[in-house]
Amino acid sequence: LTSSTEKREIVPLLGMIIEHLLEPTEVYVFLRAREDDGLVLAHASGDRVGNLTAGHRVPMDAGRIATAARHRRSLDSGEFADKSRYPLSNDPALALIERRLTLCAPILSGDALLGVIAVGGTRTNGNEAKRAMRVVSELGAAALVNAMNFRTARLAAESDPLTRLFVGRV
């Protein structure tokens with residue numbers, strides 16, 4: 001996982017790891033959008049993915065996925081039962097999957113939010129599943145940061161520091 005140099009290669013691997021550990025019916029990986037404060041769906045797999053496709057935007061103002069991101073903590077089905085504290089998204093397609101979520105964990109690098117992993121229909125609930133999600137999200141954060149650092153270093157090596165023009169050193 002940490003040897004992958006592109007973010008687009010890392011995200012499906014995170015989904016596969018979660019599938020093997022928790023055997024959920026659905027897995028979603030959202031990454032932080034560059035241009036605003038929201039999240040973007042980067043990976044979805046499982047039997048009940050539905051109308052959500054890659055690139056679907058998640059605003060940070062409402063919904064269970066956004067709440068996990070805003071509060072930077074893992075949430076499980078027991079916490080989702082408190083609908084007043086964890087309301088569904090205003091987006092109908094997103095609200096449909098949020099109803100089925102059993103776990104949601106932020107992907108954090110220090111205090112920086114990189115994304116959120118959300119799963120539905122897990123066979124394992126409780127602290128074990130939460131710990132597994134936390135471990136995968138921490139591993140994912142390290143891999144994503146490594147990929148971003150590698151990209152920055154590669155761009156610096158391929159361009160002139162003064163003019164930023166491509167110099168062809170590879």
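Side chains included, hydrogens not; waters and symmetry mates left out as well; all remaining heavy atoms used. Everything quoted here is computed from the prediction, not taken from an experiment.
Looking at Leu31 and Val116, their side chains never come closer than 4.5 Å, going by heavy atoms from C-beta outward. Between Glu98 and Ile65 there is a side-chain heavy-atom pair separated by less than 4.5 Å. The closest side-chain heavy-atom distance from Leu114 to Arg32 is not below 4.5 Å. With contacts defined as side-chain heavy-atom distances shorter than 4.5 Å, the pair Val58/Leu94 qualifies. Side-chain contact between Thr122 and Glu23: absent, with no pair of heavy atoms (C-beta onward) separated by less than 4.5 Å.
With sequence neighbours left out, Glu138 forms a side chain to side chain contact (heavy atoms under 4.5 Å, CB included) with Arg134.
The minimum heavy-atom distance linking Leu75 with Glu79 is given by the pair CA-OE1, 3.1 Å. Considering all non-hydrogen atoms of both residues, Leu21 and Ala132 come closest at CD1-CB, 4.4 Å. Nearest heavy atoms, Gly115 versus Leu39: CA-CD2, 4.2 Å. For Ala118 against Leu101, the heavy-atom pair with the smallest separation is CB-CD2, 3.8 Å. Nearest heavy-atom pair across Ile107 and Ser137 is CG2-O, 3.6 Å. Summarising the geometry of Ala129 relative to Leu103, their closest heavy-atom pair is CB-CD1, 3.4 Å, with the distance given to 0.1 Å.
Between the side chains of Glu19 and Ser45, at least one donor-acceptor pair of N or O atoms lies under 3.5 Å. No side-chain N or O of Ser77 forms a donor-acceptor pair with one of Thr102 less than 3.5 Å apart.
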* Any chance you could lay out the side chain to side chain contact (heavy atoms under 4.5 Å, CB included) test for Lys130 and Asp76, step after step, and finish with the verdict? => CA-CA 7 Å; Lys130 250 182 161 174; Asp76 62 20; 3.8 Å; yes
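Formation of a donor-acceptor pair under 3.5 Å by the Arg70 side chain with backbone atoms of Met60 is found in this model. Within the 3.5 Å criterion, the main-chain N or O of Gly120 finds no donor-acceptor partner in the side chain of Glu26.
Linking Ile, Leu, Val, Met, Phe, Trp and Tyr whenever their side-chain heavy atoms come within less than 4.5 Å leaves Leu88 and Leu41 in two separate clusters. One hydrophobic cluster, built from ILVMFWY side chains closer than 4.5 Å, cannot hold both Val29 and Val135; they sit in different ones. No chain of hydrophobic side-chain contacts below 4.5 Å, direct or via other Ile, Leu, Val, Met, Phe, Trp or Tyr residues, connects Leu96 to Phe30.
Within a 6.0 Å radius of CZ in Arg72, more than 12 heavy atoms belonging to other residues, nucleotides or ligands are found.
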